[in-house]
2 protein chains.
Amino acid sequence: MTVTIYDVAREAGVSMATVSRVVNGNPNVKPTTRKKVLAAIELLGYRPNAVARGLASKRTTTVGVIIPDISSAFFAELARGIDDIASMYKYNIILCDSDSRLDKEVQLINTLLEKQVDGIVYMGREITEDHMRVFNTSNVPIVLAGTKEKSSELPSVNIDHFQAGYDATIRLIEGGHKRIAIVTGPFQDPLAGVERFEGYRKALEEHNIDFRQNYVISDKLTYRAGMAAAKSFMSLEETPTAIFAASDETAVGVIHGLQDMGKRVPQDIEVIGFDNIRLSEMVRPKLSTVVQPMYDIGAVAMRLLTKYMNNEDVDDHIVVLPHRIEERQSTTLLRDE
Amino acid sequence: MTVTIYDVAREAGVSMATVSRVVNGNPNVKPTTRKKVLAAIELLGYRPNAVARGLASKRTTTVGVIIPDISSAFFAELARGIDDIASMYKYNIILCDSDSRLDKEVQLINTLLEKQVDGIVYMGREITEDHMRVFNTSNVPIVLAGTKEKSSELPSVNIDHFQAGYDATIRLIEGGHKRIAIVTGPFQDPLAGVERFEGYRKALEEHNIDFRQNYVISDKLTYRAGMAAAKSFMSLEETPTAIFAASDETAVGVIHGLQDMGKRVPQDIEVIGFDNIRLSEMVRPKLSTVVQPMYDIGAVAMRLLTKYMNNEDVDDHIVVLPHRIEERQSTTLLRDE
DNA sequence: CTGAAAGCGCTAACAC
DNA sequence: GTGTTAGCGCTTTCAG
């Protein structure tokens with residue numbers, strides 16, 4: 001029924017080993033026999049069975065990727081980086097949407113390990129001890145992309161979120177603002193919820209601006225949350241004049257919430273986002289934002305993983321990529337008015 | 001080093017076969033022995049090797065998914081539907097980004113087949129004879145999601161794009177418009193480029209509205225293309241009063257292009273999009289659009305695939321899901337002014 | 001209800 | 001250069 005390496009061998013009048021050699025590009029084959037084998041392969045329509053190969057060689061050229069939400073523009077962009085590099089190195093990807101649920105994540109990791117992936121790229125928001133426990137049962141390398149884990153045991157690639165939050169706030173301060181609000185992620189999220197927020201605090205502190213608890217809203221970084229936050233801030237007695245939202249989607253929600261209340265951005269209130277997803281250029285005013293090199297984070301993470309899988313030396317298992325601020329129309333920082 | 005089924009068998013004092021049975025949930029095992037085996041598994045930290053299982057059983061519980069661009073909101077949403085149903089049926093997904101390139105697609109299909117996936121869900125824009133050739137070498141079922149192939153041999157799930165294009169245009173006509181332009185996809189794309197466009201033509205024709213060649217622009221359905229199209233249409237002597245864009249992103253580009261030229265939407269010009277991606281609610285005015293049940297298309301496609309993989313009967317291999325029009329703020333169809 | 005044994009299709013020494 | 005021969009770790013008859 002299905003044609004195997006053995007059929008090819010017989011057809012070509014050689015041994016399985018020889019067929020295996022030509023299939024795998026082993027140079028130790030006389031050109032004439034190679035030709036014969038190739039002809040037999042063509043004739044029979046032979047397709048190597050990667051599962052059998054995987055069992056025999058103990059390598060599957062497949063890596064597992066855990067993603068919290070494939071329809072999130074941010075993670076999808078990371079995934080693109082991962083996929084590009086993976087395919088460059090001839091790896092395939094088993095993509096698993098974890099829905100950010102711990103139980104599912106743990107189960108997925110186990111499944112991936114059973115499937116004998118050669119390595120795993122993990123994306124998530126928070127890493128608990130339960131995560132670490134499963135990670136530790138892994139016999140293959142794992143690298144975190146856009147995700148952090150406090151002990152810094154696991155290799156990871158990120159930007160400096162603290163610094164990024166600081167930078168964003170500084171720009172607002174330099175724009176002359178004193179009443180600066182923030183919509184930050186859930187506090188369980190060490191990056192979007194904590195570090196960016198800590199950067200914000202530090203910036204205020206350094207500039208002797210009082211920190212006001214009612215200027216901070218911690219929520220899931222959705223569009224709706226942004227709209228709600230805008231309403232909430234605008235109901236304060238002393239309303240903020242600038243808002244730092246820890247994600248672009250949220251920032252856009254903030255802007256629309258503001259606009260719906262008749263406020264103009266940036267004339268009345270300035271808004272800055274985070275990530276630089278494509279959406280940020282597809283709204284009016286275009287969103288000023290902290291740009292995170294999403295594609296690169298994914299790409300570098302995957303590249304790092306290939307090094308581990310090939311037992312190459314890696315000089316630094318924690319890589320921090322640069323970020324920058326892209327000023328568009330939702331802030332007026334560059335205008336001198 | 002790694003613990004195998006054999007180790008568990010010895011530890012539990014039973015045969016491999018018995019261990020296999022408990023691992024696979026075979027009921028023909030005495031509770032006591034099951035308990036013993038489970039204990040041994042726990043003790044040894046045994047993790048079944050899915051590759052070996054796949055080789056022996058000829059099933060990998062893995063399906064391949066080809067996606068043109070993982071960072072496209074439309075396809076990502078389909079992928080979510082696919083993934084959800086796949087995980088519901090205990091399948092894992094090998095996700096391959098084809099970048100819409102024929103050569104890569106063909107190569108990816110082959111790789112997936114080598115990896116012994118149990119089935120394939122294919123998403124793409126166009127299906128050529130080269131595609132069909134590879135598809136035909138497959139010994140596992142393939143279903144198309146959001147993609148069509150003229151011969152209708154392959155199972156697929158879609159909406160009726162012709163009807164959808166027709167409906168969108170009719171709404172514009174009913175809104176009182178006579179000068180209706182369209183930004184359609186590339187003509188190689190049978191759905192976004194051809195069918196939607198044909199629907200548009202038919203609607204005009206039925207209402208005795210002259211078809212004008214300079215009211216149609218066929219381009220990649222990007223945001224930029226939308227902006228460019230808006231400029232182009234507005235440079236015409238007789239400018240359109242309504243524009244149907246064959247994707248939401250393009251529609252938003254059109255709107256912004258219009259706004260940048262000082263036009264108001266919908267007061268001066270009405271715009272309707274296609275797909276109903278999340279973006280359509282995250283812009284102002286909110287975009288009226290033809291809603292395509294993206295998640296469902298993916299989900300149904302995957303469900304269909306499971307049927308084929310289990311040799312279940314399927315009554316109809318071509319499934320057409322319903323679409324509808326969601327009126328938001330970029331059209332005034334419902335207003336009576 | 002349980003065990004023995006024959007593969008699944010391929011790779012990887014090891015000979016020649 | 002090429003062939004032989006063990007496995008890789010598991011499922012699956014087939015007995016009993």
Side-chain angles (χ1 to χ4, degrees), chain A residues 1-38 40-41 44-62 90 110-111 113-118 139-140, chain B residues 1-38 40-41 44-62 90 110-111 113-118 139-140:
Chain A
M1 165 72 229
T2 78
V3 17
T4 75
I5 200 172
Y6 178 74
D7 302 319
V8 176
R10 203 184 25 185
E11 176 69 33
V14 299
S15 73
M16 296 167 45
T18 300
V19 177
S20 176
R21 287 191 187 96
V22 350
V23 168
N24 293 294
N26 185 318
N28 294 347
V29 183
K30 213 199 308 177
T32 27
T33 54
R34 177 187 305 280
K35 210 149 293 173
K36 273 194 303 189
V37 172
L38 257 16
I41 288 178
L44 270 29
Y46 169 67
R47 186 141 44 198
N49 182 323
V51 172
R53 171 183 293 164
L55 182 58
S57 69
K58 297 179 169 311
R59 301 189 71 244
T60 55
T61 59
T62 300
K90 310 288 183 211
N110 277 320
T111 304
L113 261 14
E114 288 185 4
K115 297 232 167 167
Q116 310 301 120
V117 294
D118 295 334
N139 48 331
V140 296
Chain B
M1 167 67 230
T2 77
V3 14
T4 75
I5 199 173
Y6 178 75
D7 301 320
V8 176
R10 202 184 25 187
E11 177 71 31
V14 299
S15 74
M16 295 167 47
T18 300
V19 177
S20 176
R21 289 192 186 93
V22 349
V23 168
N24 294 293
N26 185 318
N28 295 346
V29 182
K30 214 198 311 180
T32 28
T33 52
R34 178 187 306 281
K35 210 149 290 170
K36 271 194 306 188
V37 172
L38 257 16
I41 287 177
L44 267 32
Y46 169 67
R47 185 140 45 197
N49 180 324
V51 172
R53 169 182 295 164
L55 183 59
S57 69
K58 298 181 169 307
R59 300 188 71 246
T60 54
T61 60
T62 301
K90 309 290 185 211
N110 278 319
T111 304
L113 261 14
E114 289 185 3
K115 297 231 168 166
Q116 311 300 119
V117 294
D118 294 335
N139 49 331
V140 297

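Computed from a prediction, not measured in an experiment: that's the story for all the values here. Chain letters run A, B, ... following the sequence lines, proteins first, then strands; residues in each count from 1.
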* Spell out, as yes or no, whether a donor-acceptor pair under 3.5 Å connects the side chain of A/S20 to the backbone of A/M16. => no
* Can you find a side-chain donor-acceptor pair between B/K115 and B/T62 that sits under 3.5 Å? -> no
* Taking only side-chain nitrogens and oxygens of A/S15, does any of them come within less than 4.0 Å of OP1 or OP2 of D/dG3? -> yes
* Asked: Taking only side-chain nitrogens and oxygens of B/S20, does any of them come within less than 4.0 Å of OP1 or OP2 of D/dT11?
  -> yes
* To do: Using a cut-off of strictly less than 4.0 Å, decide whether A/K58 has a side-chain nitrogen or oxygen near OP1 or OP2 of C/dA12.
  => no
* To do: Verify whether one side chain among B/N28 and B/R21 offers a donor that lies under 3.5 Å from an acceptor in the other.
  => no
* To do: Identify whether any heavy atom of B/V14 sits under 4.0 Å from a base atom; if not, whether one sits that close to sugar-phosphate; answer base, sugar-phosphate or nothing.
  => sugar-phosphate
* Asked: Side-chain donor or acceptor of A/R34 under 3.5 Å from a matching atom on the base of D/dG1?
  -> no
* When the distance from CZ of A/R53 to C1' of C/dG9 is rounded to whole Å, what number comes out? -> 11 Å
* Asked: With a 3.5 Å cut-off and just heavy-atom distances, do the side chain of B/R21 and the base of C/dG3 make a donor-acceptor pair?
  -> yes
* To do: When you get a sec, tell me which of D/dT12, C/dT11, D/dC10 is the closest nucleotide to the side chain of B/T4?
  => D/dC10
* Taking only the side-chain nitrogens and oxygens of A/T33, find out if one of them lies under 4.0 Å from OP1 or OP2 of D/dT2. => yes
* Asked: Roughly, in whole Å, what's the span from CG in B/N28 to C1' in D/dA15?
  -> 15 Å
